[in-house]
Structures are given as structure tokens and as C-alpha cells.
*Asks:* 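A single structure is presented below for examination.
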Number of protein chains: 2
Amino acid sequence: MKLTSKGRYAVTAMIDIALNQDKGAITLSLISERQGISLSYLEQLFSKLKKAGLVSSARGPGGGYRLSRSANGISIGDIIHAVDESVDIRKCGGAANCNGGEECLSHELWTSLSFTIETFLKSITLQDVVDNKETNVIKQVNFG
Amino acid sequence: MKLTSKGRYAVTAMIDIALNQDKGAITLSLISERQGISLSYLEQLFSKLKKAGLVSSARGPGGGYRLSRSANGISIGDIIHAVDESVDIRKCGGAANCNGGEECLSHELWTSLSFTIETFLKSITLQDVVDNKETNVIKQVNFG
DNA sequence: TCATTCTTGAGTGTTTTACTTGGTTATTAT
DNA sequence: ATAATAACCAAGTAAAACACTCAAGAATGA
């Protein structure tokens, strides 16, 4: 399970762009100032966000980053995955060899939890966060 | 967000006890062998599980650990919390000062996610896992 | 009494995290 | 041209966390 500052910073930075995209390309220096994130660290994150196709870039004066598709089309999960954070809680990563070649006793539990988190992150878009829609989320967990 | 081997080991060990509790007290050596977890590491984890009131212990031959209440009454969340793993994803831990005294843009999102995970872990008991009930979990996330 | 088992505290190598440093390359405005 | 801007890139690093090990001690039962 990896959900740390890296993923948080990436999401925060993407929200910043989404909020300001009407002003054209957004520079990392601006994001750095506004969100209190180190510029060099942002560069590393945006290298990955670009490779994942979530943002496009332009160099030189007037340059910066833009979302490469609408904020509705980018999920929080997309961003987290782009910066290499994994939501998989299982030691084996799904290989089911957690205990000397065998599935550990809690394997299915972690599978369920990973799925729950994954589903949550995929269900929320950048636009939802900009609109503060995630504050009204209703969660329901049932056993069959 | 902290969900690592520590929490996984603790849950796996507790499942082991739940599965074998009819045989009386379970020694850490047995759990260590069966689950492939270092004995000394288990000792540390059980020190915390005992402090949290989830297990009781007896020394000497025939001794070992028992669940201090029924497996139905122990949630996975109880175990995770007992070994000091936090499910809170927010940098500020809820203080809402993630960005220089202010809430960061993604604050509410992490609050929602933390709540989702917390709810999941609280809803599943040790007995559910022993019965493999978590494999049939149905997840539903709606926006209001 | 002796083996067993929990109990406790300290130490340790490895990995990860969250950066920093120091550049280079492309683009634009003057 | 040239200077400023801003993305791009590679490497290094201090501190923390992780997943243990090691060593000793104390209670218990056969």
C-alpha cells in the first residue's frame, strides 16, 4: 500500500491546474508557490503525469502545463497510478504466494480492500474534486 | 497512509488464532512457523495486541495467546489500529493545515477516502475472514 | 529444576521518501 | 542575436520508516 505525499502532491497540483486552466498553461513555479510543493519535486511528478498522457506541456515564456483532456475525464486513480503509487495492499501484489508459495490467510481480505480503494479512486474525477462533490459521497458496504 | 506488513502480519496471526482457538492457547512459535512470520517480530506485535485488549496471554508450557473476546467482536480495524497503523491518508492527519496553515486542495478527498477505508475495515470481523465472507463483499459508491 | 513461553528493550541493515543540486534544451519576446 | 523563461533530465542525499535481529529476563507447568 503506497499512498503518500507523492500521490497527494500530484493530485493537489492537478487540481490547481484544473482550477486555473482558463488562464492558459500553468507553470510549475506557480503551482509550487500556491501549493507549497518543491519545484524540483513537481518536475519529477509532472514528468510522470506527462508520460501517462494526463498533461501536455509547452516550453519557454508563456509555456507550462495543461490538462490533456477535460477534468471530467481524469480520475483520481489515473493520477495516483501515473506517479507510481500502488493501492494494492497485498504483499504478493496478487500473485497469491504471500506465505511460502501459498496464499496467506488474509489474502482475500486485502484483495477486497484494494478493490474498494481502487473503485473509490476511479469513481472520483478531477472535476468532482474541483466541485467538492466528494464531500457528499455515500458509502455502503454489504455482505452477501 | 500506513498499511504495510505490520498490519498484514497482525491480521494473519489473529486469523491463525481464530482458526485454532479450539485447541487452547496458541504459541507465537506455532504462528511463526505456520505463517512464515519472524518470532521476534510477532512478539512485538502481540505486545500491542495485548495492550489493546484483543488477546490475553499465559506464560509457561501450555501457555500462549487467546482471543480475549469472540472473533465476531473483533474487527479488522481493531487489529490494524492496535499495531499503530493509521488509515488516515491526509498529511495533516485531519488538522486541515496541509498547505501552510490552510487546507490543501485535496483535503476533503483524502478525508473521504480515509473514511471509506475505515468503514470497510470496521465492517469486517475476524470471524468474517475466517468464514471467507469478505470474498462476497459488495461495494457501492454513490454521489449525492 | 528445567524447559517452555511470554515479556521487554535495544540495536541494525536496508529501503523508501522527499527532497536538493546542477545542469540542458526548447521557446519566446525584445 | 540574446536574454529570459520554463520545461526537461540525472544524480545525489539526509532522514525516516521498515522489518526485522539480538539479548536478557520473568512467570509457569511438568
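Predicted model, so just to flag it, every value in this text is computed and none were measured. Throughout, a chain's letter reflects where its sequence line sits, starting with A, and its residues are numbered from 1.
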*Asks:* Roughly, in whole Å, what's the span from CZ in A:Arg59 to P in C:dA29?
*Replies:* 17 Å
*Asks:* What is the distance, rounded to the nearest whole Å, between atom OH of A:Tyr9 and atom C1' of C:dT16?
*Replies:* 15 Å
*Asks:* Ignoring hydrogens and geometry, is there a side-chain-to-backbone donor-acceptor pair from B:Asp16 to B:Ala13 under 3.5 Å?
*Replies:* no
*Asks:* When the nearest nucleotide of DNA chain C is assigned to A:Leu39 and to B:Pro61 on a heavy-atom basis, which residue is associated with the more 5' position?
*Replies:*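 Nearest nucleotide further toward 5': that of B:Pro61.
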*Asks:* Taking CZ from A:Phe46 and P from D:dC8, how many angstroms apart are they, rounded to a whole number?
*Replies:*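 From A:Phe46 CZ to D:dC8 P: 11 Å.
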*Asks:* By the 4.0 Å heavy-atom rule, please label A:Thr27 as base, sugar-phosphate, or nothing.
*Replies:* sugar-phosphate
*Asks:* Round to the nearest Å and state the distance from B:Lys50 atom NZ to C:dT8 atom P.
*Replies:*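 Between P of C:dT8 and NZ of B:Lys50: 7 Å.
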*Asks:* Just checking A:Ala58: base, sugar-phosphate only, or nothing, at a heavy-atom cut-off of under 4.0 Å?
*Replies:*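 Counting heavy atoms under 4.0 Å across all strands, the contact made by A:Ala58 is with sugar-phosphate only.
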*Asks:* Find which nucleotide of DNA chain C each of A:Gln44 and B:Ser57 is nearest to by heavy atoms, and output the residue with the more 5' nucleotide.
*Replies:* B:Ser57
*Asks:* Looking at B:Gly62 and B:Ala25, what are the two nearest heavy atoms and their distance?
*Replies:*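 For B:Gly62 and B:Ala25, the tightest heavy-atom pair comes out as O-CB, 3.9 Å.
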*Asks:* Looking only at side chains, do B:Trp110 and B:Ser114 share a donor and an acceptor under 3.5 Å apart?
*Replies:* no
*Asks:* Please determine if a side-chain N or O atom of A:Ser5 lies less than 4.0 Å away from the OP1 or OP2 oxygen of C:dA18.
*Replies:* yes
*Asks:* Determine: side-chain N/O of A:Lys6 to OP1/OP2 of C:dC19, distance under 4.0 Å, yes or no.
*Replies:*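 A:Lys6 to C:dC19 OP1/OP2: no side-chain N or O under 4.0 Å.
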*Asks:* With no hydrogens and no angle check, just 3.5 Å: does a side-chain donor-acceptor pair link B:Ser68 and B:Ser56?
*Replies:*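 Their side chains do not contain a donor-acceptor pair, so the 3.5 Å distance test is not met.
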*Asks:* Would you say D:dT21 has OP1 or OP2 under 4.0 Å from some side-chain N or O of B:Ser38?
*Replies:*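 Yes.
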*Asks:* Looking across every strand, which nucleic acid part, if any, lies under 4.0 Å from B:Ile26 by heavy atom: base, sugar-phosphate, or nothing?
*Replies:*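 Here B:Ile26 touches the backbone only, sparing every base.
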*Asks:* Closer to the 5' end of DNA chain D via nearest nucleotide, is it A:Gly63 or A:Lys51?
*Replies:*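 On the 5' side of the pair lies A:Gly63.
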*Asks:* Regarding B:Ser75 and B:Lys122, is there a side-chain donor-to-acceptor distance under 3.5 Å anywhere?
*Replies:* no
*Asks:* Round to a whole Å and report the spacing from OH of B:Tyr41 to P of D:dA17.
*Replies:* 13 Å
*Asks:* Taking atom C1' of D:dT5 as reference, at what distance in whole Å does atom OH of A:Tyr65 sit?
*Replies:*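 Taking OH of A:Tyr65 and C1' of D:dT5, I get 14 Å after rounding.
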*Asks:* Can you tell me whether the side chain of B:Glu43 and the base of C:dC6 have a donor-acceptor pair closer than 3.5 Å?
*Replies:*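 Between C:dC6 and B:Glu43, which were checked side chain against base, a qualifying N/O pair under 3.5 Å is absent.
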*Asks:* Calculate the interatomic distance between A:Leu49 atom CG and D:dC8 atom P; express it in whole Å.
*Replies:*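 So the CG-P distance, A:Leu49 to D:dC8, works out to 11 Å.
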*Asks:* May I have the distance from A:Ile37 (atom CD1) to C:dT17 (atom C1'), rounded to whole angstrom?
*Replies:* 15 Å
